[in-house]
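Down below is the structure, laid out as structure tokens.
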Protein chains: 2
Amino acid sequence: MYLCAVKNADTRERILHRMYGDIHKNGFQGLRADKVVADMDITKGALYHYFPSKQSIGIAVVDEIIKPNYLAFYRALNQSIGHPIDQIKAHIVELSRIMDDENIALGCPLNNLIQEMSPIDEVFRLQLKSVIDGMYRSVADALRRGQAAGLVKENIDPDAVANFYLSSLEGSFGIAKVQKSVPMFRSSMDMLCQFMESLRK
Amino acid sequence: MYLCAVKNADTRERILHRMYGDIHKNGFQGLRADKVVADMDITKGALYHYFPSKQSIGIAVVDEIIKPNYLAFYRALNQSIGHPIDQIKAHIVELSRIMDDENIALGCPLNNLIQEMSPIDEVFRLQLKSVIDGMYRSVADALRRGQAAGLVKENIDPDAVANFYLSSLEGSFGIAKVQKSVPMFRSSMDMLCQFMESLRK
DNA sequence: AAAGGTACATACTAGTTGGTATGCACGCAA
DNA sequence: TTGCGTGCATACCAACTAGTATGTACCTTT
């Protein structure tokens, strides 16, 4: 029955997306993988057919969901020929716009996993670092191109700025999360926009 | 035997400090309270004599260790009559100075707990929020006093700046943690200093 | 010195967690 | 049509986790 074939074909991805949601809510250590699949009317048999261990679920979530999702924007930053500061500011404004109460209360999935897993699981840490590194390089390169094109102040260090930008961005998610406050998050994003604007030549 | 009496007098605090250390390493969900006390040659009897539940251990750690520790500096900020921007910068420089590889790898204890516990435990979240609120108000008030004294630009919003400052600070811990890089943390602290300097009148 | 509270130690336990072992239905290639 | 791989379902399990129940030595109060 081809309906079944279609269903089977994406069982793994359906599981993965639910795991992503549960990790977002409860953290990786709080993830109860068997309960998540039970909630989908799937048994542990299916789960352990696709994933050899709990850790592999977390790694797959980072690798197949979080990483492509986060790097999509930053890759666009590298290919475009617009003003890098405008592009980065547009991204900040977009984030401000789409974040609602629930997303703020749950926090940034990437930041959550970094804080929880980096110190206790080196495999996790390296996967998460590769995502951050990708974002970091895209921003730094965009600023460098901006400098070369005379659009960005020459006396700033693109690497330092990129690092500070990511820190402020993720930190804003973190502080807004404990406050459960979308306005606080937007206020932080406004300040970050002002900071980026100050780099314009 | 008074030796025993002295030992007994601070058993609770000794347990609490070890719990703080283990939570710093493994997170609250990763805390194995019985193993921590066993490591101190103390049994579960003593542990549950002082703490009714695992949650109460975490709350006590926030309330009795993290909160006083973090608010110490910020209270000083409120009582002093120096230049608020110099004081805040001095704090940033001090943080830069004392953070070593291990501390960076483990991250900021306050930030760690915020990211892990805020979404899943409201009691925790409110305790953690009270710490952040305390820091936030001290910084905002210091900036307001600076404005009144003509030391800080009038066109900045002290609340927005205080919020952004805390976000950047905690975010810098988070990003440095996944990078396991003290230089990255120091670079972020330098940028934060520059940002604070830009507020001087 | 009797009584009661404090400060633990020891032993036990229900429920959970992260799996494993096994079976079996189905599609497909030989 | 037979054998084999894929895609699950069911049942089982050892270790762990967060406690509880109970006992007891010591100290203090009366």
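Order of the sequence lines fixes the chain letters, A, B, ..., with proteins taken first and strands second; residue numbering starts at 1 for each chain.
If you measure from atom CD of Q29(A) to atom C1' of dT17(D), you get 13 Å, rounded to the nearest angstrom. Protein atom CG of D10(A) is 18 Å distant from nucleotide atom P of dT6(D), rounded to whole Å. Spacing between atom CG of D41(B) and atom C1' of dA7(C) amounts to 17 Å, rounded to whole angstrom units. We find that CG of L47(A) is positioned 15 Å from P of dT10(D), with the value rounded to whole Å. R12(B) places its CZ atom 15 Å from the C1' atom of dT6(C), with the value rounded to the nearest Å. With rounding to whole Å, M19(B) atom CE is found 13 Å from dT17(D) atom P. The distance from atom CG of D34(A) to atom P of dC13(D) is 18 Å, rounded to the nearest whole Å. Taking atom CD on E13(A) and atom P on dG7(D), their separation rounds to 13 Å, with Å as the unit.
Of the candidate nucleotides dG18(C), dT17(D), dT10(C), dT17(D) has the atom lying nearest to any side-chain atom of K35(B). Here dA7(C) is the nucleotide among dA7(C), dG7(D), dT10(D) with the atom lying nearest to any side-chain atom of Y50(B). With dC8(D), dA9(D), dC8(C) as the choices, the nucleotide that has an atom nearest any side-chain atom of H49(A) turns out to be dC8(D). Ranking dG18(C), dA9(D), dC8(C) by closeness to the A46(B) side chain, first place goes to dC8(C).
No donor-acceptor contact under 3.5 angstrom links the side chains of K177(A) and N111(A), judged on distance only.
Between T11(A) and dG7(D) there is no side-chain polar atom (N or O) within less than 4.0 angstrom of OP1 or OP2. Between R32(A) and dT16(C) there is no side-chain polar atom (N or O) within less than 4.0 angstrom of OP1 or OP2.
The aromatic ring centroids of F164(A) and F195(A) lie less than 6.0 Å from each other.
Only one option out of E94(A), H91(A), M135(A) pairs with F73(A) in a side-chain contact (heavy atoms from CB on, under 4.5 Å); it is H91(A).
Against DNA chain C, the stretch residues 115-125 of chain B makes no heavy-atom approach under 4.0 Å.
Under the 4.0 Å criterion applied to side-chain N and carboxylate O atoms, D133(A) and K129(A) are assigned as salt-bridge partners. Ion pairing between D141(A) and R137(A) fails under the 4.0 Å rule for side-chain N and carboxylate O.
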Letter per nucleotide, 5' to 3', of nucleotides 19-24 of chain C [B base touched, S only sugar-phosphate touched, - untouched; heavy atoms, 4.0 Å]: BB----
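Taking 4.5 Å as the limit, every side-chain heavy atom of D22(A) sits out of range of all side-chain heavy atoms of D39(A).
Around the CD1 atom of I98(A), the shell of radius 6.0 Å holds more than 12 heavy atoms that belong to other residues, nucleotides or ligands. More than 12 heavy-atom neighbours from other residues, nucleotides or ligands sit within 6.0 angstrom of CD on E197(B).
Residues meeting the side-chain hydrogen bond (donor to acceptor under 3.5 Å, both in side chains) test with Q79(A), sequence neighbours left out: none.
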